[in-house]
Chemist: 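Supplied in structure tokens, the structure appears directly below.
Chain naming here is simple, since letters A, B, ... match the order of the sequence lines and numbering starts at 1 in each.
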Amino acid sequence: MTRTDRYYVTTPIYYVNDRPHIGHCYTTLLADVAARFMRLSGRETFFLTGTDEHAEKVVAAAAERGITPIAWADRNAHAFQEAFAELNFSNDDFIRTTEDRHKDKVDAYIRALKETGDIFLGDYEGWWDGSQEEYVTETTAREHDFKSPVTGRPLVKRTERNYFFRLSKYADRLLAHIEANPHFIAPEARRNEVVGRIKTGLQDVPVSRAVDPNDEAASWGILMPDDPGHRVYVWIDALFNYLSAVDTDDRRAYWPADAHVIGKDILWFHAVIWPCMLMAMDKALPGCVYAHSYWIREGRKMSKSLGNFLDMPTLRGYCNEFGVDAVRWYLATQGPMGATDADFAHGRFVEMYNADLANSVGNAMSRVSNMIAKYFDGALPDAKGVTEYAGHDWPAITNAAVESAIAKMNRLDIPGAMQDGLSIVRRVDGYVHATEPFKLAKDESRMGDVAAILYHCAEALRIASLILWAAMPERMEEAWKRFGTPVVVGETPLKELAQWGRLTPGTPIEKGEALFPRADAEAPEPTPVGDPAG
RNA sequence: GGCGAUGUAGCUCAGCUGGCUAGAGCGAGGGAUUCAUAAACCCUAGGUCGGAGGUUCGAGUCCUCCCAUCGCCA
């Protein structure tokens with residue numbers, strides 16, 4: 001099997017002290033849409049997400065509640081899993097850094113890197129914030145006049161024995177790789193950011209923290225191999241998940257990942273440190289690190305102080321009101337995939353829902369199935385081999401859209417690919433208007449034309465639904481059911497499924513309720529559903 | 001402070017290496033129509049392309065300065 005027959009996409013593993021919110025859901029949705037599209041394309045796909053659990057604050061949070069760290073992590077990891085299930089995400093695995101399968105691999109990776117000398121013992125000198133028990137960066141220290149940014153207490157220069165990763169050694173190779181692979185870091189603005197920074201020079205990075213081996217909290221994490229006085233820094237521990245999850249006999253062929261979908265805040269780790277570590281381990285580099293931007297809400301940044309976080313109860317409210325697929329559609333097509341942030345505004349949500357889903361996809365399905373019901377007793381008419389009518393070369397139109405969508409999805413241009421799906425729907429609407437089958441149907445002698453037109457419409461909509469399915473699996477599967485063409489995803493590759501003429505004349509076409517009922521633009525925002533804490 | 005980016009129609013944005021009368025989607029206004037979810041279809045956008053100067057036969061598209069917003073700084 002060649003590389004292009006497989007597809008491996010990841011999300012970051014999420015900090016287990018967090019409660020799932022729109023940020024986690026958005027990143028994971030992008031990966032889900034990509035994964036679904038690739039699966040439908042016929043590629044053997046692996047979609048990984050999970051939780052990052054080894055932080056001291058996890059131990060502290062658990063202690064506050066009087067439970068063990070793992071019990072706390074279990075509870076929160078489940079909250080992520082439940083949220084992701086609600087949004088219909090199709091991840092193939094959910095990795096947790098506290099699992100042995102991960103910890104054992106990390107231990108092995110670190111040993112190997114120590115062996116080659118790319119991880120070595122050195123001295124770390126930095127500004128220590130005693131009140132927070134953490135180091136602050138040189139820049140932060142200077143900005144706060146060498147006082148704790150949190151408590152204002154003076155910072156002290158402190159030196160610590162640490163293990164380091166020889167990042168500097170790989171700077172040139174990384175730069176060469178980025179230049180040879182223009183899409184390695186996306187979008188372009190992010191790539192430029194990284195390139196600019198690499199050119200100012202890379203320094204070796206600490207990959208461990210000193211711990212007291214007798215401290216119970218020290219056991220929460222991964223200790224440095226053969227040196228229990230140090231613990232693997234959580235960031236490094238976390239990055240390895242992409243590899244550890246598939247570093248098994250049955251999954252090894254998935255590496256390298258095709259895409260690491262991340263938020264822009266963690267770009268440096270994924271676009272620089274991680275690739276260099278992979279080089280040090282003599283592993284292939286991922287195809288793409290895609291760093292999206294953030295959602296803001298009603299024009300304002302989301303923050304704890306404003307209390308305007310778009311949390312699960314809010315998203316759930318939208319799902320209940322408009323359907324899970326409507327939420328997925330809005331996030332996937334209107335989201336911040338570029339270098340600038342995007343606004344989750346209720347008015348905009350309803351506008352796009354009505355324009356794209358109610359008025360376009362849903363309405364086209366309705367009018368076509370209705371005419372089939374009315375003029376052909378609900379049985380799909382026969383085009384009798386006619387594929388071109390009134391200047392519409394249907395196989396050419398649908399093939400072009402499918403090809404375009406495939407090309408765009410390969411670059412993770414999800415909004416673009418979805419527009420290709422919509423473009424077919426819009427052509428169908430234009431076609432109905434241009435050919436007026438509802439007028440022809442009044443003339444018995446023109447029923448052959450009506451049959452051809454409606455077959456064309458139904459078949460084009462079926463092909464459109466294949467593209468749209470990645471973003472809206474639930475509603476598109478319903479459409480497949482109504483058109484009598486259930487699809488077993490992965491069984492037949494997309495290109496074959498999208499071949500013109502697979503719909504069989506005579507098949508009963510079910511009219512059904514509106515796929516996407518029109519929404520009232522004046523209605524207030526949906527009421528949040530559920531406990532904000534969960 | 002250092003490095004970088006962005007500022008184009010009401011909104012979200014396309015406009016690559018400078019060159020026909022500056023574009024798309026959504027919204028809004030109008031028209032025509034009825035198969036459909038008062039939907040689809042057609043027409044309409046009077047935008048100083050942030051401001052000022054400059055280079056050029058010719059500049060959203062290059063240069064300088066200014067204003068505004070934003071990102072990154074391990």
Chemist: Is the base of G50(B) syn or anti, where syn means the angle lies within 90° of 0?
Modeler: anti
Chemist: Salt bridge or not for Glu477(A) and Lys481(A), using N-O below 4.0 Å?
Modeler: no
Chemist: Between Arg166(A) and Phe120(A), is NZ or CZ placed under 6.0 angstrom from the six-membered ring centre and within 45° of the ring axis?
Modeler: yes
Chemist: How long is the span from the CD atom in Glu436(A) to the CZ atom in Phe438(A), to the nearest 0.5 Å?
Modeler: 4.5 Å
Chemist: Name the stems that RNA chain B belongs to, where each is three or more consecutive Watson-Crick or G-U pairs with both distances under 3.5 Å?
Modeler: B:1-7 with B:67-73, B:10-13 with B:23-26, B:28-31 with B:41-44, B:50-54 with B:62-66
Chemist: Determine, for Asp227(A) against Arg161(A), whether the closest basic-nitrogen to carboxylate-oxygen distance falls under 4.0 angstrom.
Modeler: no
Chemist: Closer to the 5' end of RNA chain B via nearest nucleotide, is it Tyr294(A) or Lys511(A)?
Modeler: Lys511(A)
Chemist: Quick check on contacts: within residues 333-349 of chain A, what sits under 4.0 Å from RNA chain B by heavy-atom distance?
Modeler: Thr340(A)
Chemist: Does any donor atom in the side chain of Asp449(A) or Tyr389(A) lie under 3.5 Å from an acceptor atom in the other side chain?
Modeler: yes
Chemist: Salt bridge or not for Glu525(A) and Arg297(A), using N-O below 4.0 Å?
Modeler: yes
Chemist: Less than 3.5 Å apart, any donor N or O on the side chain of Tyr14(A) or Thr28(A) sitting next to an acceptor on the other?
Modeler: yes
Chemist: Under 4.0 angstrom, heavy atoms only, what part of the nucleic acid is Leu202(A) near: base, sugar-phosphate, or nothing?
Modeler: base
Chemist: NA contact type, Pro437(A), heavy-atom cut-off 4.0 Å: base, sugar-phosphate, or nothing?
Modeler: nothing
Chemist: Check every strand shown and say whether Gln203(A) touches a base, only sugar-phosphate, or nothing at a heavy-atom separation below 4.0 Å.
Modeler: base
Chemist: Any ion pair linking Asp343(A) and Arg348(A) (charged N to carboxylate O, less than 4.0 Å)?
Modeler: no
Chemist: Go through C41(B), U37(B), A74(B) for me and flag the one nearest to the His433(A) side chain.
Modeler: C41(B)
Chemist: Students often get this wrong, so: under 4.0 angstrom with heavy atoms, is Lys301(A) touching a base, only sugar-phosphate, or nothing?
Modeler: sugar-phosphate
Chemist: Near Arg367(A) CZ, under 6.0 Å, is it more than 12 heavy atoms from other residues, nucleotides or ligands?
Modeler: yes
Chemist: For the P atoms, the ones on C13(B) and on U8(B), what distance do you get once it is rounded to whole angstrom?
Modeler: 9 Å
Chemist: So, Arg518(A) and Asn359(A): side-chain donor and acceptor under 3.5 Å apart, yes or no?
Modeler: yes
Chemist: Scan residues 352-376 of chain A against RNA chain B and write down, sorted by residue number, each residue with any heavy atom closer than 4.0 Å; if none is found, say none.
Modeler: Ala355(A), Ala358(A), Asn359(A), Gly362(A), Asn363(A), Ser366(A), Arg367(A), Asn370(A), Met371(A), Lys374(A), Tyr375(A)
Chemist: Pull out every protein N or O sitting under 3.5 Å from an N or O of nucleotides 16-18 of chain B, one pair per line with the distance.
Modeler:
none

Chemist: With a 4.0 Å cut-off on N to O distance, would you call Arg231(A) and Glu56(A) a salt bridge?
Modeler: yes
Chemist: Distance between the C1' atoms of C20(B) and G1(B), in whole angstroms?
Modeler: 47 Å
Chemist: Can you confirm whether Lys384(A) is buried at NZ, in the sense that more than 12 heavy atoms of other residues, nucleotides or ligands lie under 6.0 Å from that atom?
Modeler: no
Chemist: Just to be sure I understand the geometry, which residues of residues 167-201 of chain A put a non-hydrogen atom under 4.0 Å away from RNA chain B?
Modeler: Arg190(A), Glu193(A), Arg197(A), Gly201(A)
Chemist: Does Lys301(A) come within less than 4.0 Å of Asp341(A), counting only side-chain N to carboxylate O?
Modeler: no
Chemist: Starting at the 5' end of RNA chain B and moving along, which residue's nearest nucleotide shows up first, Lys264(A) or Phe516(A)?
Modeler: Phe516(A)
Chemist: With heavy atoms under 4.0 Å as the rule, sort Leu515(A) into base, sugar-phosphate or nothing.
Modeler: base
Chemist: For a quick test of your reading: what N or O donor-acceptor pairs under 3.5 Å do the side chains of residues 418-426 of chain A make, sequence neighbours left out?
Modeler:
residue: Asp420(A); atom: OD1; partner: Ser404(A); partner atom: OG; Å: 3.2
residue: Asp420(A); atom: OD1; partner: Lys408(A); partner atom: NZ; Å: 3.3
residue: Asp420(A); atom: OD2; partner: Ser404(A); partner atom: OG; Å: 2.6
residue: Asp420(A); atom: OD2; partner: Ala405(A); partner atom: N; Å: 3.2
residue: Asp420(A); atom: OD2; partner: Lys408(A); partner atom: NZ; Å: 3.2
residue: Ser423(A); atom: OG; partner: Asp420(A); partner atom: O; Å: 2.6

